[in-house]
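Heads up: numbering here begins at 1 and tracks the sequence. As a basis for the values below, the full set of heavy atoms in this structure was taken, side chains included, without hydrogen atoms, waters or symmetry mates.
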Amino acid sequence: MAWFDEAVFYHIYPLGLSGAPKQNTGGAVEHRLNTLLPWIDHIREIGCNAIYIGPLFESVGHGYETTDYRKLDRRLGDNEDLKRFVTACHEKGIRVIFDGVFNHTGRDFFAFQDIRQNREQSRYKDWYCNVNFWGNNEYNDGFSYDNWGGYNLLAKLNQKNPEVVGYICDVVRFWVSEFDVDGIRLDAADVLDMQFMQALRSVADEIKPEFWLMGEVIHGDYSRWVNEGTLHSVTNYHLHKALYSGHNDHNYFEIAHTVRRLYDLGGSRPGSLKLYNFVDNHDVERIYTKLNNKAHFAPVHILLYTLPGIPSVYYGSEFGIEGRKERFSDDSLRPALNPEDFRDAVKNNPCTALIAALGRVRQETKALSYGDYKELTLTNRQYAFSRSYEGQTVLVTVNNDDAPAYFDLPASDAAVYMGALTGESVRTDHGRISVCVPGNSGEIWLPGASGHREAAASIAKESVVSTLGTLRSGSAETAGDAAEGKCCDEKPTHDTGRNMNSACGENPPQETKKSDKKQTSEKKTDVKAEAVRVPADKPYEEMTVEELQAAILGKMAKNGPVTDEMRRTVEENIWHDSLLNWVKSFH
């Protein structure tokens with residue numbers, strides 16, 4: 001176990017947050033980094049215990065065209081300011097990782113400037129890839145070279161050159177000795193040389209216990225980069241895409257499939273492929289902007305904090321701010337913010353209150369950091385899974401539908417489960433719990449050890465008793481009970497044969513006396529579902545109740561024998577929406 005196994009990150013783009021000028025004109029040092037010191041208490045208040053901050057070092061523009069790796073960008077301050085910032089974070093129990101832009105440098109970097117001045121005689125001509133003195137570029141240098149992303153502003157370093165490797169390794173050592181940094185996020189790690197990353201891993205293991213290396217990787221097999229010889233983690237862009245599109249499309253299958261694939265890639269062991277999970281960052285649109293239904297902010301973040309991996313929040317998104325990617329500018333993704341404008345956000349902003357509650361739950365619940373993952377329920381609009389660790393099984397339920405939904409789930413031997421966000425208490429019955437989750441919401445169910453009950457109750461009292469309801473009511477589509485945060489008044493008794501995925505519509509299943517139940521059953525079984533013909537080309541949404549029942553029985557039959565109990569369960573379900581969710585849940 002290492003500190004990063006239990007980390008909850010806060011991601012800062014410092015040039016943006018501090019309101020620095022877009023261009024570095026080489027003027028006087030401005031101590032803007034000091035304006036970020038008041039954010040440290042806020043970061044701690046919302047339950048984050050690690051900061052990823054960068055780029056930080058001297059550059060000419062957005063920060064990724066580095067001029068000097070050993071000097072804080074003058075628009076942010078000087079090295080003493082950076083020391084002070086890291087020390088202040090450490091005093092609050094917050095780890096800090098820097099952005100390491102080692103794939104390329106800016107054109108003002110000393111080695112590149114030497115090539116411009118001395119050309120073929122430059123001792124640094126092999127520090128960059130494919131320097132060709134027979135070529136030229138738009139700057140009229142009289143030579144060409146490889147770059148990153150088609151931008152000659154970003155000259156690609158030759159990471160196979162031992163001098164370059166040695167120089168960068170010394171930079172990392174300097175960052176530790178000078179600033180006491182706890183790790184590095186490697187920019188553009190998907191195009192870095194593998195042997196270069198292995199050298200960085202050797203340095204990381206040498207310079208500081210539990211020094212963390214995380215890489216920016218967008219596509220590909222993440223296990224190629226995350227292993228004992230290279231990096232500890234990479235950015236989980238696969239899950240990032242699934243989290244917002246899975247809600248916009250009402251398709252939890254996309255999210256669950258992504259999680260299952262990545263979990264299997266790590267050998268179905270929670271610690272072997274621990275990825276850096278996020279819903280937005282400085283390069284992509286804000287999550288609140290991307291969501292078609294803003295009420296989905298709640299289930300999206302519940303999943304971010306409970307699925308396998310290390311959660312991260314991009315600065316400002318905890319307030320629910322918007323940010324749209326523009327064709328020629330990322331400025332709206334990287335705004336200047338004043339902490340005074342958000343002083344009481346944890347109390348008054350439902351988005352912030354939710355993030356703070358999730359942060360505390362994450363830090364108090366080891367199973368969410370170390371537990372294995374098991375999928376329990378999956379439909380397009382409902383999703384449940386468990387995280388189990390050292391005898392503790394935590395259950396997570398999310399619902400992207402406007403209507404509330406019932407979940408009937410296997411539980412541990414605890415007598416009681418408590419909702420960490422609402423404080424709702426649910427007793428187990430024959431090893432199962434039955435819970436109702438309001439529309440566009442979710443819950444983290446903690447087993448009934450006294451400490452967890454107290455933690456859940458305190459969290460609910462402090463901040464989010466009404467937060468989830470407030471978030472739900474923000475959706476124009478949500479109406480009635482769902483908008484008011486209500487769930488069904490009646491809960492079904494536990495029946496191991498009944499549909500686990502049934503959704504509560506406007507007329508939820510009601511408890512009946514045994515004699516009434518028997519009469520109802522007899523009336524319904526007069527028409528056998530199997531005898532109903534299922535139209536081949538008819539959409540499920542347009543099918544009758546009887547046709548949906550027949551379709552479900554047909555799918556059951558493909559998976560094995562259909563027992564009388566299974567048949568009776570289908571026939572006793574006469575709610576169209578419930579049957580619709582059920583039939584869609586089959587693979």
Side-chain angles (χ1 to χ4, degrees), residues 15 22-27 54-75 79 98-175 177-178 184-204 206-207 213 215-217 225 230-231:
L15 293 169
K22 299 297 182 293
Q23 294 298 315
N24 185 344
T25 60
L56 286 163
F57 295 95
E58 187 82 337
S59 67
V60 299
H62 49 56
Y64 289 97
E65 64 284 73
T66 310
T67 301
D68 190 337
Y69 287 105
R70 296 171 184 258
K71 181 180 176 183
L72 182 68
D73 194 301
R74 71 186 65 231
R75 291 170 290 173
N79 285 7
F98 292 170
D99 220 339
V101 188
F102 301 145
N103 177 67
H104 45 264
T105 73
R107 290 170 46 82
D108 288 347
F109 187 68
F110 78 91
F112 192 88
Q113 284 295 305
D114 192 272
I115 297 173
R116 293 186 68 195
Q117 180 177 345
N118 297 310
R119 294 180 56 82
E120 290 90 343
Q121 284 69 47
S122 172
R123 68 176 300 269
Y124 299 107
K125 66 180 183 297
D126 294 327
W127 274 42
Y128 292 90
C129 293
N130 295 322
V131 176
N132 178 12
F133 294 104
W134 294 95
N136 206 351
N137 55 51
E138 69 269 34
Y139 300 102
N140 200 30
D141 289 322
F143 61 89
S144 61
Y145 50 90
D146 285 355
N147 60 40
W148 181 88
Y151 300 102
N152 275 323
L153 182 67
L154 308 175
K156 184 171 176 60
L157 284 168
N158 178 11
Q159 297 138 27
K160 293 186 179 298
N161 184 327
E163 285 190 4
V164 171
V165 175
Y167 177 84
I168 295 299
C169 288
D170 284 343
V171 165
V172 175
R173 293 185 181 98
F174 174 80
W175 286 358
S177 63
E178 186 78 358
I184 295 173
R185 175 262 194 190
L186 295 173
D187 182 64
D190 47 2
V191 294
L192 290 175
D193 179 73
M194 281 292 175
Q195 291 183 333
F196 172 68
M197 283 188 283
Q198 290 167 1
L200 289 178
R201 179 61 177 267
S202 295
V203 172
E206 158 207 325
I207 54 179
L213 291 180
E216 180 196 25
V217 174
W225 290 272
T230 50
L231 308 181

D187 and L192: which non-hydrogen atoms are nearest, and at how many Å?
-> O-CD1, 4.1 Å
With sequence neighbours left out, write down each residue that passes ring pair (Phe, Tyr, Trp, His ring centres under 6.0 Å) with W225, or none if nothing qualifies.
-> none
Evaluation steps, side chain to side chain contact (heavy atoms under 4.5 Å, CB included), between R201 and Q198 = CA-CA 5 Å; R201 179 61 177 267; Q198 290 167 1; 5.5 Å; no
Mind checking side chain to side chain contact (heavy atoms under 4.5 Å, CB included) for A188 and listing every partner two or more places apart, or none if nothing turns up?
-> N103, W148, D190, V191, E216
Residues at least two apart in sequence or cross-chain that pass side chain to side chain contact (heavy atoms under 4.5 Å, CB included) with R119, listed by chain then number, are F133, F143
Any pair with a residue in residues 55-66 that passes salt bridge (Lys or Arg N to Asp or Glu O under 4.0 Å), sequence neighbours left out, goes on the list, sorted by first then second residue, please.
-> E58-R74
Give every residue pair that meets the salt bridge (Lys or Arg N to Asp or Glu O under 4.0 Å) criterion with at least one member in residues 127-137, sequence neighbours excluded.
-> none
Between atom NE2 of H104 and atom OG1 of T66, what is the distance when rounded to the nearest 0.5 Å?
-> 7.0 Å
Quick one: closest heavy-atom pair of G63 and P55, and the distance?
-> O-CB, 3.3 Å
Residues two or more places apart in sequence or in another chain: which of them pass side chain to side chain contact (heavy atoms under 4.5 Å, CB included) with D193?
-> Q159, K160, Q195, F196
Pairwise distance CG(L213) to CG(L200) - rounded to 0.5 angstrom = 6.5 Å
Of all residues at least two apart in sequence or in a different chain, which pass the salt bridge (charged side-chain N to carboxylate O under 4.0 Å, His left out) check with D114?
-> none
Can you name the ring pair (Phe, Tyr, Trp, His ring centres under 6.0 Å) partners of F102, sequence neighbours left out?
-> Y69, W175
Quick one: CG on L231 to CZ on R185, what's the gap to the nearest 0.5 Å?
-> 12.0 Å
Side-chain donor-acceptor contact under 3.5 Å, Y64 with D99 | yes
Which atom names give the shortest non-hydrogen contact between V217 and A189, and what distance separates them?
-> CG2-CB, 4.1 Å
Using the salt bridge (Lys or Arg N to Asp or Glu O under 4.0 Å) rule, collect all pairs that involve residues 101-113, keeping only residues at least two apart or in two chains.
-> R107-D141
In this structure, are over 12 heavy atoms from other groups packed under 6.0 Å from F174 atom CZ?
-> yes
Gap separating the CG atom of N132 from the NZ atom of K125, nearest 0.5 angstrom | 13.5 Å
Calculate, to the nearest 0.5 Å, the distance between atoms OH and CG belonging to Y124 and N158 respectively.
-> 15.0 Å
Only distances under 3.5 Å count here; give the side-chain donor-acceptor pairs of residues 162-172 to other protein atoms, sequence neighbours excluded, each with its distance to 0.1 Å.
residue, atom, partner, partner atom, Å
E163, OE1, W127, NE1, 2.9
E163, OE2, R123, NH2, 3.4
D170, OD1, R173, NH1, 2.9

Polar side-chain atom of N136 near backbone of G142 as donor-acceptor pair, under 3.5 Å = yes
N130 and D146: side-chain donor and acceptor closer than 3.5 Å?
-> yes
For R75 and S59, test the side chains for any donor-to-acceptor distance below 3.5 angstrom and give the result as yes or no.
-> yes
Excluding sequence neighbours, so at least two apart, what forms salt bridge (charged side-chain N to carboxylate O under 4.0 Å, His left out) with R70?
-> none
Any chance you could measure L186, atom CG, to F98, atom CZ, to the nearest 0.5 Å?
-> 14.0 Å
Applying side chain to side chain contact (heavy atoms under 4.5 Å, CB included) to N152 and not counting sequence neighbours gives N137, E138, Y139, Y145, N147
